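Everything below concerns the one structure shown next.
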There are 2 protein chains.
Amino acid sequence: MSLPHPNLDQISLANVLSVLGDQTRLAIVGYLACNEGLAVSCGQFSEFGSKTNLSYHLAKLREAGITHTEVAGTSRLISLRRADLDSRFPGLLDSIITAAQELPALERLRDEA
Amino acid sequence: MSLPHPNLDQISLANVLSVLGDQTRLAIVGYLACNEGLAVSCGQFSEFGSKTNLSYHLAKLREAGITHTEVAGTSRLISLRRADLDSRFPGLLDSIITAAQELPALERLRDEA
DNA sequence: TCCTTAGTTCAAAATATGTTGAACTATTGA
DNA sequence: TCAATAGTTCAACATATTTTGAACTAAGGA
């Protein structure tokens, strides 16, 4: 099963930027970037907000075309739409991810590990 | 004379992205990028909104550290803080400017010329 | 079957953002 | 000095976004 995702030409620059212009969502994207290839589910973002709130932010990321969400039983497997974003906006995601690594929320997470 | 501008370490990624996550401001930045080196004043953005509204958007860009505004008589000379942004967020501005060139507002402006 | 786990949906409230017109300041040119 | 030009500020309004808790669905495991 699969949730609605925009296709390439429906992904708009202004929308991507405004969705990423938020600490919580930037932290989520930074975390996803550090864990590419691994299966990441909503629960892993619990440091970043309440369950309800994360559901809201994750929907925004998906609807903007930034993440892909796959339904797997009671969980959702979330990943970056890296290839899609790279082809639509070359270099954008890389520069954002690099800059996002110094975000307090992500540094805190790394310190704990 | 000079208006208040944030210094390098006061420029935050989330703020820059959220300020650029708006059609009008993206168009302004795209225009500035096409006219680097030239003196650009507020009046030149009149296609993008009313005088009052532009004053608001230009203040947001300045306060986020994206533009520099220099007071010159009754005008303001506006420019991108390219070097500052490049050093703080390498590659970010370039990728945004490249992607912003296909924005309707900017294409319209080029068609008229 | 019953309970737990994972996440969603909804409506309400709080907060932030964008847009407007009227009144304003400051500089410049006649 | 006077009027015009360039842009700002303010308050008001409209709209959008974020956050919350309570109630929900749907899948698994005991």
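The model shown is predicted, which means the values in this text are computed figures rather than measured ones. Here is the naming used below: chain letters follow the sequence lines, and residue numbers restart at 1 for every chain.
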For the pair made of CD in A:Glu63 and P in D:dA16, what is the distance, rounded to whole Å?
15 Å

What integer distance in Å separates A:Phe48:CZ from D:dT19:C1'?
18 Å

Pairs flagged by salt bridge (charged side-chain N to carboxylate O under 4.0 Å, His left out) wherever residues 39-64 of chain A is involved - sequence neighbours left out:
none

Those residues of residues 11-26 of chain A lying under 4.0 Å from DNA chain D by at least one heavy atom:
A:Asp22, A:Arg25

Using heavy-atom distances to pick each residue's nearest nucleotide on DNA chain D, tell me which of A:Ala72 and A:Gly49 is more 5'.
A:Gly49

Check for a donor-acceptor pair, side chain of [X] on one end and backbone N or O of [Y] on the other, with a separation under 3.5 Å.
X       : Y       : answer
B:Asp22 : B:Arg25 : yes
B:Gln10 : B:Asn7  : yes
A:Asn53 : A:Gly49 : no

Less than 4.0 angstrom from a charged side-chain N to a carboxylate O is my criterion; do A:Glu36 and A:Arg82 meet it?
yes

Write down the protein N/O and nucleotide N/O pairs, taken from nucleotides 5-9 of chain C, whose separation is under 3.5 Å; answer none if there are no such pairs.
unit_1 : atom_1 : unit_2  : atom_2 : d
C:dA6  : O4'    : A:Thr74 : OG1    : 3.3
C:dG7  : OP1    : A:Cys42 : N      : 3.0
C:dG7  : OP2    : A:Gly43 : N      : 3.0
C:dG7  : N7     : A:Lys51 : NZ     : 2.3
C:dT8  : OP2    : A:Ser55 : OG     : 2.4
C:dT8  : O5'    : A:Ser55 : OG     : 3.4

Under the ring pair (Phe, Tyr, Trp, His ring centres under 6.0 Å) test, residues paired with A:His57 that sit two or more places apart:
none

N or O in side chain of A:His57 less than 4.0 angstrom from D:dT19 OP1/OP2:
yes

B:Asn53 side chain near C:dG18 phosphate (N/O to OP1/OP2, under 4.0 Å)
no

Side chain to side chain donor-acceptor pair (under 3.5 Å) partners for B:Arg81, two or more places apart:
B:Asp84

Please name all residues satisfying side chain to side chain contact (heavy atoms under 4.5 Å, CB included) with B:Ser55, sequence neighbours left out, ordered by chain then number.
none

